[in-house]
Visitor: 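Have a look at the structure that comes next, please.
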Amino acid sequence: MMQQHWYRFDFALATKLADYMGKERKCLKCREIFDDIINQGRVPSESTFHVLTIAYLSLPAQGCLEEACSIYNRMIQLGGYKPRLSLHNSLFRALVSQPGGSSKYYLKQAEFIFHNLETSGLEIHKDIYGGLIWLHSYQDAVDKERIASLRREMERVGIKESREVLLSILRACSKEGDVEEAERTWIKLLHSDENLPSQAFVYRMEVYARIGEPMRSLEIFRRMQEQLGSANVAAYHKIVEVLCQAQEIELAESLITEFMTSGLKPLMPSFIDLMNMYLTLSLHDKLERTFFRCLEKCHPNRTIYNIYLDSLVQIGNLGKAEEVFNQMLSNEAIGVNTRSCNTILRIFVSCGEYMKAERIYDLMCQKKYDIESPLMEKIDYVLSLSRKVVKKPMSLKLGIVQREILVGMLLGGLRIESDEDRKNHVIRFEFNENFGTHSILKRHIYDQYHEWFTSFSRPADGSDDIPFRFATISHSYFGFYAEQFWPKGRPVIPKLIHRWLSPRVLAYWYMYGGHKTSSGNILLKLRGSEKGVDRIVKTLKAKSLDCRVKRKGPLFWIGFLGNNAAWFWKQVEPFILDDLKDVLEAVDQTMDGIVESDSIDFDSEPSPDASAYSEDDSS
């Protein structure tokens, strides 16, 4: 109808259609009509805002919660509407249902919902108060006054503090070292009818560690073992960390031996604390023994290698330091970073190994690592002996590998955000904490694009704790990708995608937005139009990669079944991270031998053509 010459925009019809699509959980269709209404200079009706927000909340797909928040905010700020109580509560519940590490980024949104509840005169449920205090307790800088204000308000309206609220208060106290409030809260927990949670002991241990009383923390740890029968992993991690920071060598060594005997895992955080203590105290022999002990018990990571490398450099063991650095460089699962490169560069320069120093400098230029200022002065002299022109490692430009990785991850669901003028763009890397593949992939991706990240996205020097969300700086360089993949702020499949589907692109699409089923088949997640999906299917078939397509809600799933999965794996395997190969490798099987137990039934549709599928957002 819209394509007819006589068509005129009809607000009432658009509203009815959008509301129907939203109630049927057809998010993409509802959002298209919603955007059409706004593009016509009209404000969507209250019902359209409501159903679209609920539709987004009903979908587990990445980015849907952010879209729900955006529609809710526009409902109030653009439409001037007052949402129903159920909508406030549903959105707030979705915010606090995220893991603590992720939820803390939604504090501002949660406070906005709370403010709207207050100003609208609506009833504020006890879970809203408790959820808001919980979010505040996870912040890096805790707002004690805001928590106190919320507690006073709870008392005024007659809401009793639950065990979860008391735990949140203890968590906040542990970050501030507020012993008095922590002890008052502890007494309330003791007098409650419920069992003492193990986290409460851990938070008390941290409170006393903050004020420099590690022996009191150890006493609390032993009391936890007596009262609960045993200590959990978090408690062992915390007490070892506390004793190492206090440089209580014998106690720390005794506790980590006890921890290993218990059979609990992971041990890695405690080994890192112990090695850092030895490094600080220059106990290099003990550090080396602990390093090899750690390699026997745990899967190695970059942090312990960096600590060991620092130790070798401090004692001047050049040969061993070079050997360890080369091991890191050759093992993709460990890799090198700015810290390790500066460490090995420092010892090469100080020992007069100028040829080796030049090679490390070239590596740092290639990876765009920052060179420490004192070292830069020395390296300038070294390079002046053999070169007329000194390379500068700071120019921001994506390499060929970075570009291919970016395309693959954009197909897998990576988001690009643009400013109002669409001149500068930010790439938002988001990884799912519940996916084991993402926990490994995020470290690799962070290393690949480290020079593009804001200081907010960078972990503390030496830390191996890469967040599950980080963003690039806002830059015009990403304009091409924004126009191709995210024009008008919506994901699309570029018309030229057939030129870019290299094996590396497919590999990163698989690692970021793919899934291997229990029957050994491979599925790739994709957002976009049916025509765009059809272009990808044709391109894959031209590469002898036969596939099937299924639409579920706003997503398409491209499936490689049986021998096609094995052939797909053969194409991408050289570019899959070593630590993910066992997890993602397809099963080589014939189609007759497949037992299809996947949640996506490709056999329910008559044709693999993307255009044959209807939208069903309820799945």
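Since the model is a prediction, treat every value here as computed from it, not as a measurement.
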Visitor: Has the side chain of R163 got a donor or acceptor atom that lies under 3.5 Å from a matching backbone atom of N195?
Guide: yes

Visitor: Is any side-chain heavy atom of M224 closer than 4.5 Å to a side-chain heavy atom of S198?
Guide: yes

Visitor: Looking only at heavy atoms, what is the nearest atom pair of L577 and M511, with distance?
Guide: N-SD, 3.6 Å

Visitor: When you compare the side chain of N521 with that of K516, does any pair of heavy atoms fall below 4.5 Å?
Guide: no

Visitor: Examine distances only and state if a side-chain atom of H50 and a backbone atom of R84 form a donor-acceptor pair shorter than 3.5 Å.
Guide: no

Visitor: Heavy atoms only: give me the nearest P467-K442 pair and the separation to one decimal.
Guide: O-CD, 3.7 Å

Visitor: Salt bridge between R293 and E296, side-chain N to carboxylate O under 4.0 Å?
Guide: no

Visitor: Less than 4.0 Å between a side-chain N and a carboxylate O, is that true for E183 and R204?
Guide: yes

Visitor: Is a side-chain donor or acceptor of S149 paired with a backbone partner of E145 at a separation under 3.5 angstrom?
Guide: no

Visitor: State the NZ-CD1 distance between K297 and I256, to the nearest 0.5 angstrom.
Guide: 11.0 Å

Visitor: Side chain to side chain contact (heavy atoms under 4.5 Å, CB included) between K286 and L281: does it pass, once the steps are laid out?
Guide: CA-CA 10 Å; K286 285 194 171 189; L281 298 174; over 6 Å; no

Visitor: Is the Y129 ring parallel, tilted or perpendicular to the F114 ring (thresholds 30°, 60°)?
Guide: perpendicular

Visitor: Within the structure provided, determine whether Q225 and E258 are in side-chain contact (heavy-atom separation under 4.5 Å).
Guide: yes

Visitor: I'd like to know if E176 and R210 make a salt bridge, using a cut-off of under 4.0 Å between side-chain N and carboxylate O.
Guide: no

Visitor: How about D273 and H237: does a side-chain donor come under 3.5 Å of a side-chain acceptor?
Guide: no

Visitor: Is the shortest heavy-atom distance from the side chain of E219 to the side chain of R222 under 4.5 Å?
Guide: no

Visitor: Taking C-beta and beyond as the side chain, do L91 and L57 meet within less than 4.5 Å on heavy atoms?
Guide: yes

Visitor: Would you say L170 and L189 make side-chain contact, with heavy atoms under 4.5 Å?
Guide: yes

Visitor: Between E206 and V202 (side chain of the first, backbone of the second, donor and acceptor by atom type, cut-off under 3.5 Å), is there such a pair?
Guide: no

Visitor: List the steps, then state whether side chain to side chain donor-acceptor pair (under 3.5 Å) holds for D579 with H299.
Guide: CA-CA 11 Å; D579 282 5; H299 190 72; 3.2 Å; yes

Visitor: Would you sort out whether L411 and L526 count as a side chain to side chain contact (heavy atoms under 4.5 Å, CB included), showing the intermediate values?
Guide: CA-CA 6 Å; L411 289 171; L526 183 63; 3.9 Å; yes

Visitor: Tell me the closest heavy-atom pair linking E181 and D178, and the distance in Å.
Guide: N-OD1, 3.2 Å

Visitor: Show your working on side chain to side chain contact (heavy atoms under 4.5 Å, CB included) between Y203 and L167 and close with a plain yes or no.
Guide: CA-CA 9 Å; Y203 296 144; L167 267 180; 4.1 Å; yes

Visitor: Could you tell me how the ring of F429 sits relative to the ring of F431: parallel (under 30°), tilted (30 to 60°) or perpendicular (over 60°)?
Guide: parallel

Visitor: Excluding sequence neighbours, so at least two apart, what forms side-chain hydrogen bond (donor to acceptor under 3.5 Å, both in side chains) with E155?
Guide: none

Visitor: Does R415 come within less than 4.0 Å of E417, counting only side-chain N to carboxylate O?
Guide: yes

Visitor: Look at D140 together with K104 and state whether they make a salt bridge at an N to O cut-off of under 4.0 Å.
Guide: yes

Visitor: Taking the six-membered ring of Y138 as reference, does the cationic atom of R171 (NZ for Lys, CZ for Arg) lie under 6.0 Å from its centre and within 45° of its axis?
Guide: yes

Visitor: Do E67 and R74 sit within salt-bridge range, that is, some charged N less than 4.0 Å from a carboxylate O?
Guide: no

Visitor: Backbone N or O of L523 within a donor-acceptor pair of the H515 side chain at under 3.5 Å?
Guide: no

Visitor: Inspect the contact between R443 and D447 and indicate whether a charged nitrogen and a carboxylate oxygen are less than 4.0 angstrom apart.
Guide: yes

Visitor: Would you call K126 and M154 a side-chain contact if the rule is heavy atoms closer than 4.5 Å?
Guide: no

Visitor: Is it true that a side-chain atom of K175 and a backbone atom of Q139 form a donor plus acceptor pair closer than 3.5 Å?
Guide: yes

Visitor: Using every non-hydrogen atom in the two residues, find where S340 and L309 come nearest and quote the distance to one decimal.
Guide: O-CD2, 3.8 Å

Visitor: Please round to the nearest 0.5 Å and tell me the distance separating atom SG of C69 and atom CG of L95.
Guide: 5.0 Å

Visitor: Is the distance between the ring centroids of Y449 and F470 under 6.0 Å?
Guide: no

Visitor: Could you walk me through whether I272 and N301 pass side chain to side chain contact (heavy atoms under 4.5 Å, CB included), step by step?
Guide: CA-CA 10 Å; I272 290 172; N301 69 16; 4.2 Å; yes

Visitor: For L287 versus S311, what's the shortest heavy-atom pair and its separation?
Guide: CD2-CB, 3.8 Å

Visitor: Measuring from atom CZ of R31 to atom OH of Y56, what distance do you get when rounded to the nearest 0.5 angstrom?
Guide: 4.0 Å

Visitor: When you measure from the side chain of S90 to the backbone N and O of L87, does any donor-acceptor pair fall under 3.5 Å?
Guide: no

Visitor: How many angstroms lie between atom CD of E250 and atom CG of L255, to the nearest 0.5 angstrom?
Guide: 12.5 Å

Visitor: Using modelled atom types only, decide if a donor and an acceptor are shared between the side chain of N89 and the backbone of F92 within a distance under 3.5 Å.
Guide: no

Visitor: If you take all heavy atoms of F271 and T290, which pair is closest and at what distance?
Guide: CD2-CG2, 3.7 Å

Visitor: Could E226 and R223 be called an ion pair, given the rule that one side-chain N must be under 4.0 Å from one carboxylate O?
Guide: no

Visitor: Please say which of Y446, F468, Y512 ends up in a ring-ring contact (aromatic ring centres under 6.0 Å, His included) with H438.
Guide: Y512

Visitor: Counting N and O atoms only, with roles assigned by atom type, does the side chain of W509 sit under 3.5 Å from a partner on the main chain of K525, one being a donor and the other an acceptor?
Guide: yes

Visitor: Look at the aromatic rings of F112 and H115 and report parallel, tilted or perpendicular, splitting at 30° and 60°.
Guide: parallel

Visitor: Which distance, rounded to the nearest 0.5 Å, do you find between the CG of L190 and the OG1 of T185?
Guide: 11.0 Å

Visitor: Check the angle between the aromatic planes of Y308 and F291 and answer parallel, tilted or perpendicular using the 30° and 60° thresholds.
Guide: parallel

Visitor: When rounded to the nearest 0.5 angstrom, what is the spacing between CD1 in I124 and CG in L132?
Guide: 9.5 Å

Visitor: Just by modelled atom types, is the Q327 backbone N or O under 3.5 Å from a matching donor or acceptor in the N331 side chain?
Guide: no

Visitor: With the threshold set at 4.0 Å, does a side-chain nitrogen-carboxylate oxygen contact exist between K108 and E111?
Guide: no

Visitor: Quick one: are M268 and T303 in side-chain contact, heavy atoms under 4.5 Å?
Guide: no

Visitor: If you measure only the distance, is there a donor-acceptor pair under 3.5 Å linking the side chains of N116 and Y72?
Guide: yes

